[in-house]
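Taking it in order: structure first as structure tokens, then the write-up.
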Amino acid sequence: MRNRADACCSLFPLFKERKAMTKTAGFPREAVSPLLYWYDSEARDLPWRREPTPYRIWISEIMLQQTRVSAVIPYYLRFLERFPDPSALSRAEEDALRKAWEGLGYYSRVRNLQRAARILVDSYGGELPADRDELIRLPGIGPYTAGAIASIAFGLPEPAVDGNVLRLYARVTADSSDLSAPKVRSRITEDLRGLYRDYPEDASRLTQSLMELGAVVCLPNGTPLCGNCPMRPFCRGCREGNPSRYPSRKEKKERRKEEKTILVLRSQGRIALRKRPESGLLAGLWELPAEDGVLSPEQITDRVRNMGGVLSGPPVCCGEATHVFTHVEWHMTGWAADLAVPCPDLTFADPAEIRERYCIPSAFQPFLNGKARG
Ligand code: SF4
């Protein structure tokens, strides 16, 4: 059986290496046809690709930020069933919306979706505008998402430049610039914008093929699968022999580590919940009461007293868990206790109610489902 690299070369005889060696400082134009050809035959069948309306592309792109495709698919299907258009999204109850997002994390995304949906209903007749500059003014839509909606859904010549596309670009053009520098990103975006203008009919497929190749062939971690890649004859990084050296990597800043004490306070079979502040990490979500630092049982008893409650006995350690956010890591120790007098400002709910009505971030789940390390 032929391997995919052989198949590639025979599928694209006109694009063999010698011809492709011819210059171009930016993205090689001669790579576009093989790239689109590859996309048409190899692209994954993803739900948002079946009916790429602006609304569907918008929802999928927001969900896909920081989240894997396989994790997004069931959320995407359920979300569209419940909120099929901007109008339905604009009317959604806050708790129902958060519940539909529960598990995806980064809840500011869903808050921004609703804020933007309300603007669409009020000012755009309930439709997304076919204009990158107008899209970018909507809450939660940055240059990448605006480019994705503009090109994929509206066919406009606007690139969508995310980490996958930047990595692919750096390897294809053997560009060792620092990709985190805004100047470098602008230069790459401008070069790609020129590419789109050269292929005005192919904006949607161009965006999707670049994203797809970056996601499944020109992989972020480990070795890129150059043998399966339609760009291989045109790829400078590959020709140099070590494409993984692109993009050049800057030392990552270490995440801040924070200790937390998590309280599982019970009263008549119900568990105490508290709403987090409306700004900052996990803003506005429900939590198990969390205190900064590692508290002793005596300190926990005092804290509960300060909250107006009284414990019926000493708290018992119920395990540890770690949760990693983008810039911070929580190292949590859980303590369970029964309340003789419930704290008046906490909300109490039984486990079934919590599952159905309350959106609790995944950081707290190990203490709710008994999966904290013993
Ligand atoms: S040939 Fe290799 S390095 Fe170049 S774009 Fe393809 S997978 Fe990436």
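In each ligand, atom 1 is the first atom listed, and ligand 1 is the first ligand listed. Sequence positions, counted from 1, serve as the residue numbers for this chain. Worth saying up front: this structure is predicted, and the values here are computed from it rather than measured.
Of the options Leu168, Leu213, Asn228, the smallest heavy-atom separation from atom 5 (S) of ligand 1 is shown by Leu168.
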Derivation of the side chain to side chain donor-acceptor pair (under 3.5 Å) call for Arg187 and Ser177: CA-CA 11 Å; Arg187 167 173 58 74; Ser177 314; 3.0 Å; yes

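Taken to the nearest 0.5 Å, the OH atom of Tyr169 stands 13.0 Å off from the OH atom of Tyr246. A distance of 4.0 Å separates CZ of Arg91 from OG of Ser87, quoted to the nearest 0.5 Å.
Side-chain N/O atoms of Arg115 and Asn112 include a donor and acceptor closer than 3.5 Å.
Residues passing the side chain to side chain donor-acceptor pair (under 3.5 Å) test with Asp350: none are found, sequence neighbours excluded.
Residue Arg68 qualifies as open at atom CZ: its count of foreign heavy atoms under 6.0 Å is 12 or below.
Take a cut-off of 2.8 Å around atom 2 (Fe) of ligand 1: the protein N, O or S atoms inside it are Cys226 SG.
Under the side chain to side chain contact (heavy atoms under 4.5 Å, CB included) rule, Trp48 has a single partner from Leu77, Ile73, Leu80, Ile59, which is Ile73.
Close contacts of ligand 1 with Val172, meaning ligand atoms under 4.0 Å from a residue heavy atom, involve 5 (S).
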